[in-house]
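In what follows, a structure is listed as structure tokens, so that the remarks can point back to it.
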Amino acid sequence: MSNLTLTINQQDYEFDNLDPRTTLLDVCRHHLHITGPKKGCDHGQCGACTMLINGRRINSCLTLAVMHDGDEITTIEGIGMPESLSELQQAFKDHDAFQCGYCTPGQICSATALIEEVKQQWPSHVTTDLQNPNGMLVQEIAERMSGNICRCSAYPNIIRAISQVLEKQVSNSSSVSDNAPNDKAVDGTISGIWSPPPSEAQIGNQSIIKPTDYAANAANAANAQGERS
């Protein structure tokens, strides 16, 4: 095959005899020994292999390396290393948003792109106001991260870590704050338990739950349990 140049974490790699059937994930792990991206399901269902291609997240196990000649490819190593953690990586550490850590590189790559999507006011499947999407809602974060599975079920802390960075960065983004109505401001503090995004029926009933509501629901449940005991 013809020569191929892949730009990964701002470094160019030249290939002159790469099998065109090789996935981007296998190129990184087996050819370049960039082992941050993990091979989980190898079917694009778990998100452990998530990378950023020109700033957008992608399942690297489902894309061929030859498709990305000249693209800017970023793995977890390009986001931050132990001695120079990104703000999001530090938030994951502060909130203990991982247990075994296998899915964490993909989670952080996906969340890095998520934050940029929220800044640009991209809607998601659960967004009710397409003109002013509120990416700070718990169900918005959960929906936007739904392609990344954590088998250790660290979802509550993952949401807290993402919310912390979102609250800080979105509040500093004039493009978002200028367009967002004041009555849609949301407290970024996440508490209580994680639950899946609302169903379409719930959305149709405008059943939107704010992060602070989770704390109230959890407190009510605890009080009810105390009364029964």
Side-chain angles (χ1 to χ4, degrees), residues 3-120 122 141 144-152 154-155 157-159 161-162 164-166 169:
N3 292 337
L4 171 68
T5 301
L6 295 179
T7 303
I8 304 175
N9 301 327
Q10 300 183 342
Q11 182 173 345
D12 291 340
Y13 297 91
E14 300 284 344
F15 300 88
D16 57 10
N17 192 31
L18 182 69
D19 188 324
R21 298 168 296 179
T22 308
T23 66
L24 181 58
L25 176 62
D26 284 341
V27 163
C28 286
R29 290 187 59 83
H30 301 302
H31 293 260
L32 302 177
H33 304 292
I34 299 174
T35 56
K38 299 297 188 286
K39 179 175 285 193
C41 65
D42 208 24
H43 286 77
Q45 297 177 351
C46 72
C49 67
T50 304
M51 299 181 192
L52 303 180
I53 307 294
N54 299 325
R56 298 186 64 174
R57 44 188 165 167
I58 191 171
N59 290 323
S60 61
C61 71
L62 294 184
T63 188
L64 300 176
V66 295
M67 299 169 60
H68 299 289
D69 191 351
D71 287 341
E72 289 289 338
I73 303 167
T74 304
T75 69
I76 188 66
E77 290 89 348
I79 291 177
M81 297 297 284
E83 65 277 5
S84 57
L85 298 178
S86 71
E87 185 177 5
L88 185 60
Q89 288 172 314
Q90 185 62 51
F92 265 65
K93 181 179 178 181
D94 293 341
H95 290 277
D96 194 21
F98 49 85
Q99 290 184 40
C100 77
Y102 193 83
C103 73
T104 305
Q107 295 274 3
I108 291 176
C109 283
S110 186
T112 298
L114 177 155
I115 291 171
E116 293 305 315
E117 293 166 8
V118 171
K119 287 180 180 179
Q120 296 176 38
W122 288 13
I141 299 174
R144 293 167 191 263
M145 290 296 294
S146 61
N148 293 80
I149 296 174
C150 175
R151 291 176 173 83
C152 300
Y155 298 117
N157 293 349
I158 290 172
I159 292 178
I162 297 172
Q164 173 183 297
V165 179
L166 267 176
Q169 294 195 9

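Owing to the predicted nature of the structure, the values given are computational and were not obtained by experimental measurement. In what follows, residues are counted from 1 in the order of the sequence shown.
- Screening L64, D71, V66, I73 for a side chain to side chain contact (heavy atoms under 4.5 Å, CB included) with L24, the sole residue that qualifies is I73.
- Taking CG of N59 as the reference point, atom CD of Q45 lies at 9.5 Å (rounded to 0.5 Å).
- At a threshold of 4.5 Å between non-hydrogen side-chain atoms, the residues C109 and M51 do not count as touching.
- Under a 3.5 Å cut-off, the side chain of Q99 and the backbone N or O of C152 do form a donor-acceptor pair.
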Notebook entry, point to check: So I158 and Q107, side-chain contact (heavy atoms from CB on, under 4.5 Å) or not? Walk me through it.
Noted result: CA-CA 8 Å; I158 290 172; Q107 295 274 3; 3.8 Å; yes
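- To the nearest 0.5 angstrom, Y155 atom OH is 6.0 Å from I149 atom CD1.
- The closest side-chain heavy-atom distance from T23 to T63 is not below 4.5 Å.
- The two residues R29 and P37 have their closest heavy-atom pair at NH1-O, 2.8 Å.
- Q89 contributes a side-chain N or O that, together with a main-chain N or O of S86, makes up a donor-acceptor pair within less than 3.5 Å.
- Counting heavy atoms from C-beta outward, Y13 and H31 have side chains that stay 4.5 Å or more apart.
- Residue T50 forms a side chain to side chain contact (heavy atoms under 4.5 Å, CB included) with just one option from I108, N148, L25, and that option is N148.
- A salt bridge does not link R56 to E116: none of the charged side-chain nitrogens sits closer than 4.0 Å to a carboxylate oxygen.
- Rounded to the nearest 0.5 angstrom, R144 CZ and E117 CD are separated by 6.5 Å.
- Atom CD of Q90 and atom NE2 of H95 lie 10.0 Å apart (nearest 0.5 Å).
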Margin query: Would C46 and K38 count as a side-chain contact (heavy atoms from CB on, under 4.5 Å) here? Give the steps.
Written below: CA-CA 10 Å; C46 72; K38 299 297 188 286; over 6 Å; no
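- Of all heavy-atom pairs between C28 and T75, the closest is SG-CG2, 4.4 Å.
- Between the side chain of E14 and the backbone N or O of N3 there is no donor-acceptor pair closer than 3.5 Å.
- The closest donor-acceptor contact from the side chain of T7 to the backbone of Q10 lies at 3.5 Å or more, if one exists at all.
- The line from CZ of R151 to SG of C103 is 8.5 Å long, rounded to the nearest 0.5 Å.
- When atom types are taken as modelled, the side chain of T22 and the backbone of D19 share a donor-acceptor pair closer than 3.5 angstrom.
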Note to self: Show, in sequence, the C-alpha distance, side-chain angles and deciding distance for L166 and L114, and conclude whether the side-chain contact (heavy atoms from CB on, under 4.5 Å) test is met.
What the structure shows: CA-CA 9 Å; L166 267 176; L114 177 155; 4.1 Å; yes
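- A heavy-atom distance below 4.5 Å is not found between the side chains of C61 and H43.
- Minimum interatomic distance between E87 and V165 (heavy atoms only, all atoms of both residues): O-CG2, 4.0 Å.
- A donor-acceptor contact shorter than 3.5 Å is absent between the side chain of R57 and the backbone of L52.
- Judged by distance alone, with hydrogens and angles left aside, the side-chain atoms of Y102 form no donor-acceptor pair with the main-chain N or O of C150 at under 3.5 Å.
- In terms of modelled atom types and a separation under 3.5 Å, the side chain of N157 and the main chain of F98 share no donor-acceptor contact.
- Judged by distance alone, with hydrogens and angles left aside, the side-chain atoms of E72 form no donor-acceptor pair with the main-chain N or O of I53 at under 3.5 Å.
- Atoms SG and NZ, on C49 and K39 in that order, are 9.5 Å from each other to the nearest 0.5 Å.
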Next item on the list: Kindly determine whether V27 and F15 satisfy side-chain contact (heavy atoms from CB on, under 4.5 Å), including the steps that lead there.
Entry: CA-CA 10 Å; V27 163; F15 300 88; 3.7 Å; yes
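- Looking at H68 and T5, their side chains never come closer than 4.5 Å, going by heavy atoms from C-beta outward.
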